[in-house]
Amino acid sequence: MKAFSRLLPCLLVAAAFVGCAPKQDPNTIRMITEATFPPYEFREGTAVVGIDVDICQAIADKLGKKLAVEDVEFDSVLPSLIAGKAELAAAGITVNEDRKKTVDFSDPYVTTGIVIISAKDSPVKGKEDAQGKAIGVQNGTTSADYCVNELGQEPDRFDSPAAAFAALKAGKVSLVIADVDPAKNIIVQDGGDASAFAITSEPYFLTSEDYAIAIAKGQPELLATINEVIGELKASGRLDEIFAANKAKSDALATAE
Ligand code: GLN
């Protein structure tokens with residue numbers, strides 16, 4: 001008991017320290033992402049790299065800060081941003097009205113869309129073919145929203161586009177709906193033209209979507225800086241280089257695996 005009463009103050013001090021969240025380093029800006037989305041974010045060894053990382057690095061450079069990257073599941077990206085765990089969310093995030101209610105978006109840095117991946121010999125071409133079939137999607141994405149809102153059905157939800165594709169290969173779903181660039185990377189990884197699967201949607205894009213950087217609401221200065229950087233990257237041609245380099249790198253990694 002005596003020993004415990006001597007220990008107690010130490011325990012209380014230790015508990016106080018644990019309770020204290022580490023102070024955010026003012027010299028670092030934190031980006032939150034989800035690294036299963038090549039070429040926007042993917043792993044090269046242990047490092048998270050990709051188009052979004054390069055854009056956020058340019059933002060960090062402009063602010064004179066270091067960039068720290070955190071990788072979480074996609075449906076946690078915006079909640080984590082709102083909870084103050086990062087200053088920037090960049091994860092191939094599509095701008096939409098629902099999300100605009102909770103976060104602010106930068107100017108878009110690309111216009112893209114979602115597509116269908118299915119077996120070449122049983123191609124699902126359009127919305128009508130997809131309806132009523134088992135559809136694999138990444139959880140929390142606009143592809144999941146598309147199933148619910150446009151097709152009127154619940155999709156099978158996975159942690160990544162690649163996991164949804166694995167379910168397609170295993171015959172557990174009939175098609176996958178995903179953003180076009182990770183979809184293309186999946187086909188490259190599966191053998192490219194030799195793959196039994198392909199992007200089969202006609203028209204090619206089911207939607208048109210803009211990607212942008214998200215930040216917590218009410219920070220007009222940070223938003224202006226981010227937009228300035230995106231504008232500069234576009235005007236200088238650097239953004240095109242970032243896209244080309246990361247597509248090449250993620251395709252090379254996909255064929256090396
Ligand atoms: N663009 C899609 C969305 O915002 C998917 C993004 C992702 O999976 N990283 O919902």
Side-chain angles (χ1 to χ4, degrees), residues 31-44 48-56 69-82 85-86 88-117 135-151 154-168 173 175-187 189 199 201 204-216 226 230 242-243 246-247 250 253-254:
M31 159 189 176
I32 198 149
T33 192
E34 188 278 303
T36 71
F37 201 73
Y40 294 90
E41 33 273 326
F42 52 100
R43 294 237 172 217
E44 186 179 32
V48 178
V49 296
I51 294 164
D52 285 325
V53 181
D54 289 348
I55 295 173
C56 287
V69 182
E70 205 195 332
D71 183 17
V72 298
E73 287 189 358
F74 185 69
D75 56 355
S76 298
V77 168
L78 292 183
S80 300
L81 178 77
I82 295 162
K85 294 187 182 150
L88 308 171
I93 303 171
T94 300
V95 179
N96 67 26
E97 293 309 314
D98 243 18
R99 293 172 179 170
K100 273 192 202 163
K101 288 179 197 150
T102 58
V103 296
D104 282 343
F105 281 106
S106 70
D107 293 338
Y109 55 87
V110 68
T111 299
T112 178
I114 61 176
V115 294
I116 292 174
I117 305 176
I135 305 175
V137 298
Q138 183 179 18
N139 196 25
T141 60
T142 46
S143 296
D145 295 344
Y146 183 86
C147 291
V148 174
N149 300 331
E150 300 297 325
L151 304 180
E154 254 309 303
D156 287 351
R157 296 165 188 266
F158 298 89
D159 284 347
S160 64
F165 182 67
L168 175 63
V173 297
L175 65 140
V176 167
I177 299 182
D179 293 49
V180 67
D181 292 311
K184 281 185 183 166
N185 186 264
I186 280 170
I187 300 296
Q189 182 160 11
I199 294 174
S201 35
Y204 193 75
F205 286 110
L206 301 176
T207 58
S208 172
E209 308 188 12
D210 287 336
Y211 292 173
I213 313 283
I215 64 170
I226 295 170
I230 291 174
I242 287 174
F243 270 78
N246 284 293
K247 280 182 183 167
S250 57
L253 283 171

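Residue indices begin at 1 and follow the sequence shown. Note that ligands are numbered from 1 as they come in the structure, with each ligand's atoms numbered from 1 the same way.
Each of L88, I55, V95, I226 was scored for a side-chain contact (heavy atoms from CB on, under 4.5 Å) with S106, with one residue passing: I226.
Residue Y211 touches ligand 1 through its side chain alone, judged by heavy-atom distances below 4.0 Å.
Ring geometry, Y40 versus Y109: the interplanar angle falls from 30° to 60°, so the pair is classed tilted.
Heavy-atom distances between R99 and ligand 1 reach below 4.0 Å in at least one pair.
Interface atoms of ligand 1 facing T94, defined by a heavy-atom separation under 4.0 Å, are 1 (N), 2 (C), 3 (C), 4 (O). Interface of D179 with ligand 1, defined as ligand atoms under 4.0 Å from a residue heavy atom, comprises 1 (N), 2 (C), 5 (C). Under a 4.0 Å criterion applied to the non-hydrogen atoms of T141, ligand 1 contributes the atoms 5 (C), 8 (O), 10 (O). Of all the atoms in ligand 1, the ones that sit under 4.0 Å from a non-hydrogen atom of A91 are 6 (C), 7 (C), 9 (N). Close contacts of ligand 1 with I93, meaning ligand atoms under 4.0 Å from a residue heavy atom, involve 4 (O).
A donor and an acceptor atom, one from each side chain of Y211 and D179, are located under 3.5 Å apart.
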| field | Steps toward side chain to side chain contact (heavy atoms under 4.5 Å, CB included) verdict (E209, V180) | value | CA-CA 11 Å; E209 308 188 12; V180 67; over 6 Å; no
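Proximity of I186 to P38: side-chain heavy atoms (C-beta onward) are nowhere separated by under 4.5 Å.
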